[in-house]
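Structure first, commentary second.
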Amino acid sequence: MQVIMLGLPGAGKGTQATRIAEAFHVPHISTGDMFRAAIGAGTPLGLEVKGYLDAGRLVPDSLTIQVVKERLGQSDARTGFVLDGFPRTLPQAEALEDLLRELDLPLQYALYIHVPRTVLMARLTGRRLCRNCGATYHIVFQPPKHEGRCDRCGGPLYQRSDDSEEAVKTRLEQYAQTEPLVEFYRKRGILRQIDGERAPEAVYADIESLLTASRS
Ligand code: ADP
Ligand code: AMP
(Lines give C-alpha, C1' and ligand atoms only; values in the text may rest on other atoms or scores of the structure.)
(Ligands and ions follow the chains in the order given, each with its own letter.)
Protein backbone atom coordinates (compact mmCIF):
# COMPACT_ATOMS: atom_id res chain seq x y z
CA MET A 1 0.00 0.00 0.00
CA GLN A 2 1.44 3.36 -1.07
CA VAL A 3 -0.38 6.48 0.11
CA ILE A 4 0.43 10.13 0.72
CA MET A 5 -1.21 12.54 3.14
CA LEU A 6 -2.23 16.00 1.96
CA GLY A 7 -3.62 18.89 3.97
CA LEU A 8 -2.82 22.12 5.73
CA PRO A 9 -0.39 22.15 8.66
CA GLY A 10 -2.45 20.90 11.62
CA ALA A 11 -5.06 19.11 9.51
CA GLY A 12 -4.20 15.84 11.25
CA LYS A 13 -1.86 14.19 8.72
CA GLY A 14 0.60 12.92 11.31
CA THR A 15 -2.13 11.72 13.66
CA GLN A 16 -3.80 9.70 10.88
CA ALA A 17 -0.56 8.52 9.27
CA THR A 18 0.54 6.99 12.59
CA ARG A 19 -2.69 4.98 12.75
CA ILE A 20 -2.46 3.88 9.13
CA ALA A 21 1.14 2.74 9.60
CA GLU A 22 0.27 0.70 12.69
CA ALA A 23 -2.83 -0.90 11.22
CA PHE A 24 -1.44 -1.69 7.77
CA HIS A 25 2.15 -2.47 8.81
CA VAL A 26 3.85 0.07 6.58
CA PRO A 27 6.48 2.65 7.54
CA HIS A 28 5.28 6.16 8.38
CA ILE A 29 7.66 8.40 6.47
CA SER A 30 7.45 12.02 7.61
CA THR A 31 9.92 14.49 6.12
CA GLY A 32 9.28 16.84 9.06
CA ASP A 33 10.18 14.05 11.53
CA MET A 34 13.29 13.21 9.51
CA PHE A 35 14.42 16.83 9.49
CA ARG A 36 13.75 17.21 13.23
CA ALA A 37 15.71 14.02 13.95
CA ALA A 38 18.64 15.35 11.89
CA ILE A 39 18.51 18.66 13.76
CA GLY A 40 18.40 16.83 17.11
CA ALA A 41 21.38 14.69 16.13
CA GLY A 42 23.32 17.71 14.84
CA THR A 43 24.07 16.09 11.46
CA PRO A 44 25.14 18.19 8.43
CA LEU A 45 21.59 17.82 7.08
CA GLY A 46 20.23 19.05 10.41
CA LEU A 47 22.47 22.11 10.37
CA GLU A 48 21.40 22.89 6.82
CA VAL A 49 17.65 22.67 7.43
CA LYS A 50 17.35 24.12 10.94
CA GLY A 51 16.85 27.74 9.83
CA TYR A 52 14.04 26.76 7.46
CA LEU A 53 12.15 24.75 10.09
CA ASP A 54 12.53 27.37 12.80
CA ALA A 55 11.13 30.03 10.49
CA GLY A 56 8.34 27.80 9.15
CA ARG A 57 9.66 27.99 5.60
CA LEU A 58 9.92 25.09 3.18
CA VAL A 59 13.27 23.34 2.82
CA PRO A 60 14.54 23.61 -0.79
CA ASP A 61 13.18 20.96 -3.17
CA SER A 62 16.54 19.47 -4.19
CA LEU A 63 17.48 18.68 -0.60
CA THR A 64 14.04 17.37 0.37
CA ILE A 65 13.77 15.17 -2.72
CA GLN A 66 17.18 13.68 -2.01
CA VAL A 67 16.19 12.79 1.55
CA VAL A 68 12.99 11.07 0.37
CA LYS A 69 14.79 9.26 -2.41
CA GLU A 70 17.22 7.73 0.07
CA ARG A 71 14.44 6.82 2.49
CA LEU A 72 12.22 5.16 -0.14
CA GLY A 73 15.21 3.17 -1.32
CA GLN A 74 15.39 1.37 2.03
CA SER A 75 14.07 -2.16 2.16
CA ASP A 76 11.15 -1.56 4.55
CA ALA A 77 9.52 0.72 1.96
CA ARG A 78 9.35 -2.10 -0.60
CA THR A 79 6.05 -3.31 0.83
CA GLY A 80 4.49 0.14 0.98
CA PHE A 81 4.52 3.36 2.97
CA VAL A 82 2.51 6.27 4.16
CA LEU A 83 4.20 9.54 3.21
CA ASP A 84 3.38 12.47 5.48
CA GLY A 85 4.47 16.02 4.64
CA PHE A 86 5.87 15.10 1.24
CA PRO A 87 5.31 16.14 -1.50
CA ARG A 88 4.67 19.80 -0.65
CA THR A 89 5.44 21.45 -4.02
CA LEU A 90 4.76 20.55 -7.66
CA PRO A 91 8.45 19.77 -8.39
CA GLN A 92 8.41 17.39 -5.39
CA ALA A 93 5.23 15.70 -6.68
CA GLU A 94 6.80 15.26 -10.12
CA ALA A 95 10.01 13.89 -8.61
CA LEU A 96 7.98 11.43 -6.53
CA GLU A 97 6.15 10.25 -9.61
CA ASP A 98 9.45 9.55 -11.39
CA LEU A 99 10.91 7.83 -8.37
CA LEU A 100 7.91 5.56 -7.81
CA ARG A 101 7.90 4.66 -11.49
CA GLU A 102 11.54 3.57 -11.16
CA LEU A 103 10.74 1.59 -8.01
CA ASP A 104 7.58 0.15 -9.61
CA LEU A 105 5.49 1.25 -6.62
CA PRO A 106 2.36 3.02 -7.89
CA LEU A 107 0.58 5.47 -5.56
CA GLN A 108 -2.88 4.26 -4.58
CA TYR A 109 -4.25 7.37 -2.92
CA ALA A 110 -3.54 10.95 -2.00
CA LEU A 111 -5.58 11.29 1.20
CA TYR A 112 -6.54 14.94 1.47
CA ILE A 113 -7.60 15.79 5.00
CA HIS A 114 -9.74 18.84 4.64
CA VAL A 115 -10.30 21.28 7.53
CA PRO A 116 -11.25 24.95 7.62
CA ARG A 117 -8.31 27.27 8.33
CA THR A 118 -10.06 28.61 11.43
CA VAL A 119 -9.28 25.44 13.46
CA LEU A 120 -5.55 25.32 12.69
CA MET A 121 -4.02 27.89 15.02
CA ALA A 122 -5.59 26.26 18.10
CA ARG A 123 -4.58 22.79 16.94
CA LEU A 124 -0.96 23.75 16.25
CA THR A 125 -0.23 25.95 19.26
CA GLY A 126 -1.71 23.24 21.55
CA ARG A 127 0.23 20.37 19.93
CA ARG A 128 2.69 18.41 22.05
CA LEU A 129 5.00 15.61 20.91
CA CYS A 130 6.79 12.82 22.72
CA ARG A 131 10.53 13.44 22.73
CA ASN A 132 11.08 9.68 22.81
CA CYS A 133 8.64 8.05 20.34
CA GLY A 134 7.20 11.04 18.45
CA ALA A 135 3.55 10.40 19.44
CA THR A 136 1.30 13.44 18.96
CA TYR A 137 -0.98 14.96 21.60
CA HIS A 138 -2.99 18.09 22.08
CA ILE A 139 -3.38 19.85 25.42
CA VAL A 140 -7.18 20.11 24.90
CA PHE A 141 -8.23 17.82 22.03
CA GLN A 142 -6.01 14.81 22.73
CA PRO A 143 -4.51 15.24 26.18
CA PRO A 144 -2.20 12.58 27.59
CA LYS A 145 -3.42 10.66 30.67
CA HIS A 146 -0.65 12.21 32.79
CA GLU A 147 0.31 15.79 32.02
CA GLY A 148 3.60 16.13 30.17
CA ARG A 149 4.11 12.33 29.81
CA CYS A 150 3.55 10.11 26.79
CA ASP A 151 0.80 7.45 27.19
CA ARG A 152 2.68 5.05 24.95
CA CYS A 153 6.22 5.14 26.35
CA GLY A 154 6.24 7.51 29.34
CA GLY A 155 8.62 9.88 27.51
CA PRO A 156 8.56 13.64 28.13
CA LEU A 157 6.31 15.79 25.94
CA TYR A 158 7.59 18.94 24.25
CA GLN A 159 6.32 21.72 22.02
CA ARG A 160 7.72 22.13 18.53
CA SER A 161 9.59 25.44 18.11
CA ASP A 162 7.65 26.08 14.87
CA ASP A 163 4.28 25.70 16.63
CA SER A 164 4.57 29.30 17.84
CA GLU A 165 1.95 31.69 16.50
CA GLU A 166 4.52 33.52 14.36
CA ALA A 167 5.93 30.40 12.68
CA VAL A 168 2.42 28.98 12.16
CA LYS A 169 1.48 32.13 10.23
CA THR A 170 4.47 31.64 7.92
CA ARG A 171 3.67 27.92 7.50
CA LEU A 172 0.10 28.73 6.50
CA GLU A 173 1.42 31.21 3.91
CA GLN A 174 3.88 28.62 2.60
CA TYR A 175 0.95 26.27 2.01
CA ALA A 176 0.24 28.25 -1.18
CA GLN A 177 3.02 26.13 -2.72
CA THR A 178 1.27 22.92 -1.65
CA GLU A 179 -2.29 23.79 -2.60
CA PRO A 180 -1.86 22.98 -6.36
CA LEU A 181 -1.17 19.35 -5.39
CA VAL A 182 -4.85 18.81 -4.69
CA GLU A 183 -5.59 19.43 -8.38
CA PHE A 184 -2.47 17.48 -9.44
CA TYR A 185 -3.71 14.32 -7.73
CA ARG A 186 -7.36 14.91 -8.61
CA LYS A 187 -6.37 14.87 -12.28
CA ARG A 188 -4.64 11.54 -11.73
CA GLY A 189 -7.85 10.14 -10.22
CA ILE A 190 -6.32 9.19 -6.87
CA LEU A 191 -7.36 12.12 -4.67
CA ARG A 192 -9.70 11.20 -1.81
CA GLN A 193 -11.00 14.03 0.32
CA ILE A 194 -11.67 13.28 3.97
CA ASP A 195 -13.55 15.58 6.35
CA GLY A 196 -10.93 16.29 9.04
CA GLU A 197 -13.13 18.45 11.25
CA ARG A 198 -14.31 15.55 13.37
CA ALA A 199 -12.82 13.49 16.18
CA PRO A 200 -9.62 11.67 15.13
CA GLU A 201 -11.40 8.29 15.48
CA ALA A 202 -14.15 9.33 13.04
CA VAL A 203 -11.59 10.62 10.55
CA TYR A 204 -9.64 7.39 10.79
CA ALA A 205 -12.77 5.25 10.37
CA ASP A 206 -13.30 6.80 6.91
CA ILE A 207 -9.65 6.26 5.96
CA GLU A 208 -9.68 2.68 7.18
CA SER A 209 -12.76 1.73 5.18
CA LEU A 210 -11.29 3.32 2.07
CA LEU A 211 -7.97 1.51 2.43
CA THR A 212 -9.58 -1.81 3.38
CA ALA A 213 -11.96 -1.67 0.41
CA SER A 214 -9.09 -1.01 -1.99
CA ARG A 215 -7.25 -4.08 -0.73
CA SER A 216 -10.07 -6.59 -1.23
P1 ADP B 1 -0.35 17.66 10.79
O2 ADP B 1 0.53 16.44 10.78
O3 ADP B 1 -1.32 17.69 9.65
O4 ADP B 1 0.40 18.95 10.93
P5 ADP B 1 -1.16 16.66 13.43
O6 ADP B 1 -1.62 15.27 13.16
O7 ADP B 1 0.17 16.81 14.10
O8 ADP B 1 -1.26 17.57 12.09
O9 ADP B 1 -2.28 17.39 14.32
C10 ADP B 1 -2.12 18.73 14.77
C11 ADP B 1 -2.68 18.88 16.19
O12 ADP B 1 -4.10 18.71 16.17
C13 ADP B 1 -2.15 17.84 17.18
O14 ADP B 1 -1.98 18.44 18.44
C15 ADP B 1 -3.24 16.76 17.21
O16 ADP B 1 -3.29 16.12 18.47
C17 ADP B 1 -4.50 17.59 16.95
N18 ADP B 1 -5.48 16.85 16.14
C19 ADP B 1 -5.24 15.98 15.14
N20 ADP B 1 -6.39 15.52 14.61
C21 ADP B 1 -7.39 16.15 15.29
C22 ADP B 1 -8.83 16.12 15.22
N23 ADP B 1 -9.44 15.33 14.32
N24 ADP B 1 -9.51 16.90 16.07
C25 ADP B 1 -8.88 17.70 16.97
N26 ADP B 1 -7.54 17.77 17.10
C27 ADP B 1 -6.80 17.01 16.27
P1 AMP C 1 5.87 19.02 9.29
O2 AMP C 1 6.43 18.18 10.40
O3 AMP C 1 5.33 18.21 8.16
O4 AMP C 1 4.88 20.05 9.79
O5 AMP C 1 7.10 19.83 8.67
C6 AMP C 1 7.86 20.72 9.49
C7 AMP C 1 8.76 21.57 8.64
O8 AMP C 1 9.73 20.75 7.96
C9 AMP C 1 8.13 22.41 7.54
O10 AMP C 1 7.59 23.64 8.02
C11 AMP C 1 9.31 22.62 6.60
O12 AMP C 1 10.21 23.58 7.12
C13 AMP C 1 10.01 21.26 6.66
N14 AMP C 1 9.48 20.29 5.67
C15 AMP C 1 8.86 19.11 5.94
N16 AMP C 1 8.52 18.49 4.80
C17 AMP C 1 8.91 19.30 3.79
C18 AMP C 1 8.82 19.23 2.37
N19 AMP C 1 8.22 18.17 1.76
N20 AMP C 1 9.34 20.22 1.63
C21 AMP C 1 9.93 21.28 2.22
N22 AMP C 1 10.04 21.43 3.55
C23 AMP C 1 9.54 20.44 4.34
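Every number for a ligand or one of its atoms is a count from 1 in the order of the listing.
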Where ligand 1 meets [X] - atom numbers and elements under 4.0 angstrom, heavy-atom basis:
X: Gly196; result: 23 (N)
X: Ala199; result: 23 (N)
X: Gly14; result: 1 (P), 2 (O), 6 (O)
X: Arg198; result: 22 (C), 23 (N), 24 (N)
X: Phe141; result: 25 (C), 26 (N)
X: Gly10; result: 1 (P), 3 (O), 4 (O), 8 (O), 10 (C)
X: Leu8; result: 3 (O)

Does ligand 1 come near enough to Tyr137 that some N or O of the ligand is less than 3.5 Å from an N or O of the residue? yes
**Asked** Considering distance alone, does some N or O of Gly12 sit under 3.5 Å from an N or O of ligand 1?
**Response** yes
Any heavy atom of Ala17 under 4.0 Å from ligand 1? The part involved is neither
Short version for Gln142: what comes under 4.0 Å of ligand 1, heavy atoms counted, is side chain
- Query: Does a side-chain N-to-carboxylate-O contact under 4.0 Å join Arg186 and Glu183?
  - Reply: yes
Original post:
So, does Ala11 sit close enough to ligand 1 that a heavy atom of it is under 4.0 Å from the ligand?
Top reply: yes
Inset, instruction - Would you mind reporting whether Pro9 and Leu124 have side-chain heavy atoms less than 4.5 Å apart? - result: yes
Quick one: does Lys13 get within less than 4.0 Å of ligand 2, heavy atoms only? no
Judged by heavy atoms only, the candidate from Gln174, Arg88, Gln92 nearest atom 9 (C) of ligand 2 is Arg88
* Asked: Can you hop from Val182 to Val115 via hydrophobic side chains spaced under 4.5 Å?
  -> yes
